[in-house]
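Quick one: structure below, then a few questions.
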Amino acid sequence: MLDYAKSGIGGFILFGGELEAARLFVKQLQAAAPLPLFIASDIERGVSQQLNSASPMPCQMAVAAAIKGSGQTALDLLHQNLDSLCTEAAYAGINMPLIPVADVNNIPDNPIICTRAFSDDPLLCADLCVEYVNRIELNGLISCPKHFPGHGSSSVDSHLSLPVIDKSIEDMNKMELIPFKAAVDAGTRSIMAGHLLVPDFDDQPATLSPLVARYLRESLGFRGLIITDALNMSALKSFDKIHVKCLNAGMDILLHPDDPDAAIMELEAGLQSGEVYPDRLDKSCNRIFEIKSKLNMKEVCSPDILCNKNAAESLARLSFSLVRGEWPEDVSDRIVVTAGDEDGISKKIFSRNFKRVISIDDAASLSGSVIIAISTKVAAWRGKSGIDRKTKNKIRTVIKNAKKTAVISFGSPYVLSDFGEADLLAAAYGYEEWIQELFVKHISEGADFFGKLPLNISISGEQG
């Protein structure tokens, strides 16, 4: 890595590790580099998403639920959370957090966006994108709304294959493009282009399309950096010379190539052959140099992790949403049934507060009062965000046989749409253990629910 830094590479993307170790390593990289490095990282759910010992943050959909329910109180907490995220990011050396997700999630089964988005409402997405952009830029970091021109209408994970967005530009102007316009107007200094094929724009994926980049520059007036989504993803696997094509298309930064040395050799060969346009390269370099010249490289004091965690918990509590029904005063005698991702629900957490915790596979004959906890992770390369038909049928059987049922979604709230026969439906939005523990504490204390679902969900099999 130090050799790359010394040779003049533009930056690095940070995945995993310990906060203090990452901080020291990034300092070494910066010291070795002839120009300041961009240090990017996917920290949508707080710096702890990548670095141990840092603090978490609720996912974007949880943020939207909290603000819909609690207004200014939640907005103030969001600002505090974003300030905490920026302080911890800067402490670790991250100057380009790859947030916010600007996609409008308008397909319930979207396998890769889902709770990473704020909502299916483009105006709410736009308003909250602006909050993120303003706060991140105010803290001296580079915000990066993604994935232009919009990944929310996709039923395909671009980590696995190339999604096709079969919508007109006119329709996208009324939906997908609204948050990006708002982010540009708010002064974001970078935007990530997605590996998305939108035929009404071009017959090439957005990251390889001069027409998509031109639209961003000319129609939206964007003057900052256009970054590709990670080039190690499978969406572009059938295309050759993607590094040359991305650069010629108008991309300023090529993110996470599979083989950096091969990418550099391809670009050098393209320059020698005339396949890479020198003026196109100069424009990108000038944009990069301008932003790097204004990077705040001052050291940041050690962040107050405990205080930041408390702020994250306060915001998460405001997000918890009752979709239907009223939470009973005492649920300690209920049996908890776990479903969804195999490694999703922590039986240890629930066992501390409930008399019995069993898997959905062993719950068919239950007849008492039951809490069904469903975990659904949204992550790269998984290819899904919900639960399969077999699991749905098992949950329906439990609901039918049990005396009283409460269904809680830890992750995608869309899974609740199939269980209208249940007495109570609630959304916690996050699948992480700290969210599960917080939710159990919340209901054990008999706390009120303030969150409001930031989506339109049609509940099938409604009671009565």
Side-chain angles (χ1 to χ4, degrees), residues 4 9-16 38-45 49-50 60 94 96-103 105 107 109-117 144-166 176 180 190-199 201-210 212-213 216 225-267 377-385:
Y4 281 128
I9 204 162
F12 296 88
I13 182 168
L14 184 61
F15 292 107
F38 291 131
I39 306 295
S41 193
D42 287 303
I43 49 175
E44 298 160 22
R45 304 191 310 276
Q49 182 177 341
Q50 300 297 341
Q60 289 188 192
I94 298 166
M96 184 182 278
L98 301 176
I99 53 176
V101 174
D103 304 308
N105 195 79
I107 289 186
D109 292 329
N110 192 312
I112 191 57
I113 303 302
C114 195
T115 53
R116 296 171 67 200
C144 185
K146 58 189 182 185
H147 310 79
F148 189 83
H151 210 320
S153 294
S154 168
S155 57
V156 172
D157 177 4
S158 51
H159 293 83
L160 298 172
S161 58
L162 179 65
V164 178
I165 311 298
D166 194 16
E176 284 86 352
F180 290 102
S190 74
I191 284 179
M192 180 185 289
H195 301 314
L196 309 163
L197 179 60
V198 186
F201 267 111
D202 197 353
D203 60 1
Q204 296 293 305
T207 39
L208 307 181
S209 169
V212 171
L216 190 50
L225 300 172
I226 304 178
I227 304 172
T228 71
D229 205 346
L231 294 177
N232 68 333
M233 294 161 61
S234 296
L236 302 182
K237 64 182 178 182
S238 64
F239 296 86
D240 63 353
K241 296 187 177 180
I242 59 172
H243 310 96
V244 166
K245 289 176 180 177
C246 284
L247 182 62
N248 283 343
M251 303 294 112
D252 299 305
I253 294 178
L254 309 184
L255 182 69
H256 203 357
D258 236 347
D259 183 338
D261 294 310
I264 292 166
M265 289 175 61
E266 180 186 306
L267 292 170
K377 294 183 180 180
V378 181
W381 311 101
R382 287 172 60 84
K384 64 176 184 175
S385 64

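Just so it is clear, the structure is predicted and the values come from calculations on it, not from any experiment. For this chain, numbers begin at 1 and follow the sequence in order.
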State the CG-CG distance between L267 and L247, to the nearest 0.5 angstrom.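 Those atoms lie 6.0 Å apart.
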
Return the minimal non-hydrogen interatomic distance between I13 and L98, and the atom names on each side.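 Minimum heavy-atom contact is CD1-CD1, 3.8 Å.
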
N105 side-chain N/O to I107 backbone N/O, donor-acceptor pair under 3.5 Å: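 Side chain of N105 to backbone of I107: a pair is present.
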
Side chains of C144 and L225: does their closest heavy-atom pair fall under 4.5 Å?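 No, too far: nothing below the 4.5 Å cut-off.
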
Gap separating the CD1 atom of I113 from the CG atom of D157, nearest 0.5 angstrom: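 The CD1 atom of I113 sits 8.5 Å away from the CG atom of D157.
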
Rounded to the nearest 0.5 Å, how far does CG of L14 lie from CE of M96?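 The distance works out to 13.5 Å.
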
Under the rule for salt bridge (Lys or Arg N to Asp or Glu O under 4.0 Å), what residues qualify as partners of D252, not counting sequence neighbours?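 By the salt bridge (Lys or Arg N to Asp or Glu O under 4.0 Å) rule, D252 matches R217, R280, R287.
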
Looking only at heavy atoms, what is the nearest atom pair of L231 and C246, with distance?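 Reported closest heavy-atom pair: CD2-SG, 4.1 Å.
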
Say you draw a straight line from CG of L160 to NZ of K237; how long is it, rounded to the nearest 0.5 Å?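 If I round to the nearest 0.5 Å, the distance is 8.0 Å.
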
Determine the interplanar angle of the F148 and F180 rings, folded into 0 to 90°, and report it as parallel if under 30°, tilted if 30 to 60°, perpendicular if over 60°.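 The arrangement is perpendicular - the two ring planes meet at more than 60°.
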
Measure centre to centre between the rings of H195 and F239, then say whether the value is under 6.0 Å.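 Ring-ring flag for H195/F239: false, centres at least 6.0 Å apart.
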
Considering all heavy atoms of both residues, which atom of P111 and which atom of S154 are nearest to each other, and what is their separation?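 So the two residues come closest at CD-O, 3.7 Å.
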
If every non-hydrogen atom of Q50 is compared with every non-hydrogen atom of S41, which pair is closest and at what distance?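 Looking at all heavy atoms of both residues, the closest pair is CG-OG, 3.3 Å.
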
Rounded distance (nearest 0.5 Å) linking atom NZ of K146 with atom CD1 of I191: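 Those atoms lie 13.0 Å apart.
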
Is D259 atom CG crowded by more than 12 heavy atoms from other residues, nucleotides or ligands, each under 6.0 Å away?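 Atom CG in D259 is crowded, with more than 12 foreign heavy atoms closer than 6.0 Å.
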
Listed by chain and number, what are the side-chain contact (heavy atoms from CB on, under 4.5 Å) partners of A213, not counting sequence neighbours?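 Residues passing side-chain contact (heavy atoms from CB on, under 4.5 Å) with A213: I226, M251.
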
Please name the residue in the list N110, V198, L196 that meets the side-chain contact (heavy atoms from CB on, under 4.5 Å) test with P163.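 Going through the options one by one, the only one that passes is L196.
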
Under 3.5 Å: donor-acceptor pair, side chain of T228, backbone of L255: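 At least one qualifying donor-acceptor pair exists.
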
Taking C-beta and beyond as the side chain, do M233 and S158 meet within less than 4.5 Å on heavy atoms?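 Answer yes - side chains close enough.
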
Going by the rule side chain to side chain donor-acceptor pair (under 3.5 Å), which residues pair with N248 if we only count those two or more places apart in sequence or in a different chain?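 Expected list: none.
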
Q60 side chain to E44 main-chain N or O, any donor-acceptor pair under 3.5 Å?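 Here the side-chain-to-backbone pair does not exist.
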
Spatial distance of atom NZ (K245) from atom OG (S209) [nearest 0.5 Å]: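 Answer rounded to 0.5 Å: 12.5 Å.
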
Using only atom types and a distance under 3.5 Å, with no angle test, would you say the side chain of D166 pairs donor to acceptor with the backbone of P199?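 Not confirmed, D166 side chain does not pair with P199 backbone.
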
Starting from the C-alpha separation in whole Å, work towards a yes-or-no answer on salt bridge (charged side-chain N to carboxylate O under 4.0 Å, His left out) for D42 and R116. CA-CA 11 Å; D42 287 303; R116 296 171 67 200; 5.4 Å; no

Testing the basics here: between G150 and D103, what is the closest heavy-atom pair and its distance to 0.1 Å?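 The pair with the smallest heavy-atom distance is CA-OD1, 3.5 Å.
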
What closest approach, in Å, do A249 and T207 show between heavy atoms, and which atom pair accounts for it?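 Answer, listing the atom of A249 first, then T207: CB-O, 3.9 Å.
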
